[in-house]
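So the structure is just underneath, and the comments pick up after that.
Quick caveat: nothing in here was measured; it's all calculated off a predicted structure. The basis for the numbers below is simple: all heavy atoms, side chains too, and nothing from hydrogens, waters or symmetry mates.
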Amino acid sequence: MIIADRKPLGELLEMIQDCRKVLIVGCKGCVTVCNVGGMKEVGILAAAVRIARKKEGNPIEIDEKTLERQCDPEYLEGIKDVVSDYDAVISMACGVGPQFLSERYPDQRFLPAVN
């Protein structure tokens with residue numbers, strides 16, 4: 001069983017402070033069951049980041065995607081056509097997600113949003 005908590009917003013904002021365009025990728029697996037990284041939580045995080053960055057006078061473009069599972073390599077293909085379009089990709093999956101994503105797309109910067 002996976003137990004997860006989202007990192008604090010301030011920590012995530014610090015990780016992407018130099019980014020102008022970010023993709024937030026959720027997972028329909030375990031973190032959805034924990035109410036931490038599914039489609040709903042991706043939308044909530046994206047909205048919170050947009051609002052925080054706008055308040056700072058540093059707006060950001062954020063896209064959202066939720067994969068079936070980030071722990072199955074076959075589902076990682078769901079972002080292959082867009083992954084290089086971003087300054088960074090935030091993974092809302094368990095620890096396996098950012099690891100598998102970084103192995104599949106080594107030229108991209110992946111950041112974990114979940115502890």
Subject >> same_hphob_cluster(V42, L13) at 4.5 Å side-chain heavy-atom cutoff >> reply: yes
Subject >> Nearest-0.5 Å distance, CG of residue L101 to CG of residue L111 >> reply: 11.0 Å
**OP:** Please report the shortest heavy-atom distance between S91 and G97, naming the atom on each side.
**Re:** OG-C, 4.0 Å
Subject >> Sequence-distant partners of D85, side-chain hydrogen bond (donor to acceptor under 3.5 Å, both in side chains), two or more places apart >> reply: none
Original post:
Are any side-chain N or O atoms of D87 and backbone N or O atoms of R20, one a donor and one an acceptor, separated by less than 3.5 Å?
Top reply: yes
Original post:
At their closest point, which heavy atom of C19 faces which heavy atom of I60, and how far apart are they?
Top reply: O-CD1, 3.9 Å
**OP:** For R69, enumerate each residue passing the salt bridge (Lys or Arg N to Asp or Glu O under 4.0 Å) test, keeping only those at least two apart in sequence or located in another chain.
**Re:** D72
Subject >> Neighbour count >12 (heavy atoms, 6.0 Å) for atom NZ, K21 >> reply: yes
Original post:
Same cluster or not: are V25 and V96 linked, directly or through other Ile, Leu, Val, Met, Phe, Trp or Tyr residues, by side-chain heavy atoms under 4.5 angstrom apart?
Top reply: yes
Subject >> Contacts of type side-chain contact (heavy atoms from CB on, under 4.5 Å), residue Q17, not counting sequence neighbours >> reply: E14
Original post:
Between the side chain of T32 and the main-chain N/O of C27, is any donor-acceptor distance below 3.5 Å?
Top reply: yes
**OP:** Would you name the heavy atoms of M92 and V36 that are closest together and state the gap between them?
**Re:** CE-O, 3.2 Å
**OP:** List for me each residue that meets side-chain hydrogen bond (donor to acceptor under 3.5 Å, both in side chains) alongside K28, sequence neighbours excluded, and say none if there are none.
**Re:** none
Subject >> E68 side chain vs E74 backbone, donor-acceptor pair below 3.5 Å >> reply: no
Original post:
When hydrophobic residues are tied together by side-chain contacts of less than 4.5 Å, even through go-betweens, does V82 share a cluster with V89?
Top reply: yes
Original post:
Is there a side-chain contact between L23 and I79 (heavy atoms, below 4.5 Å)?
Top reply: yes
**OP:** List the atom of A113, the atom of I90, and the distance in Å for their closest heavy-atom pair.
**Re:** CB-CG2, 3.4 Å
**OP:** For E56, check side-chain hydrogen bond (donor to acceptor under 3.5 Å, both in side chains) against everything at least two apart and list the hits.
**Re:** none
Original post:
Can you tell me how far NZ of K40 sits from OG1 of T66, rounded to the nearest 0.5 angstrom?
Top reply: 13.0 Å
Original post:
Can you get from V22 to L9 by hopping between Ile, Leu, Val, Met, Phe, Trp and Tyr side chains that sit under 4.5 Å apart?
Top reply: yes
**OP:** With sequence neighbours left out, write down each residue that passes side-chain hydrogen bond (donor to acceptor under 3.5 Å, both in side chains) with E103, or none if nothing qualifies.
**Re:** Q99
Subject >> Option among N115, L45, V31 that satisfies the side chain to side chain contact (heavy atoms under 4.5 Å, CB included) test with R6 >> reply: L45
Original post:
What pair of heavy atoms forms the shortest contact from Y86 to D63, and how long is it?
Top reply: OH-OD2, 2.6 Å
Original post:
What are the two closest heavy atoms between Q70 and L67, and how far apart are they?
Top reply: CG-CD1, 4.0 Å
**OP:** Indicate, with yes or no, if F110 and I16 share a hydrophobic cluster defined by side-chain heavy-atom contacts under 4.5 Å among Ile, Leu, Val, Met, Phe, Trp and Tyr.
**Re:** no
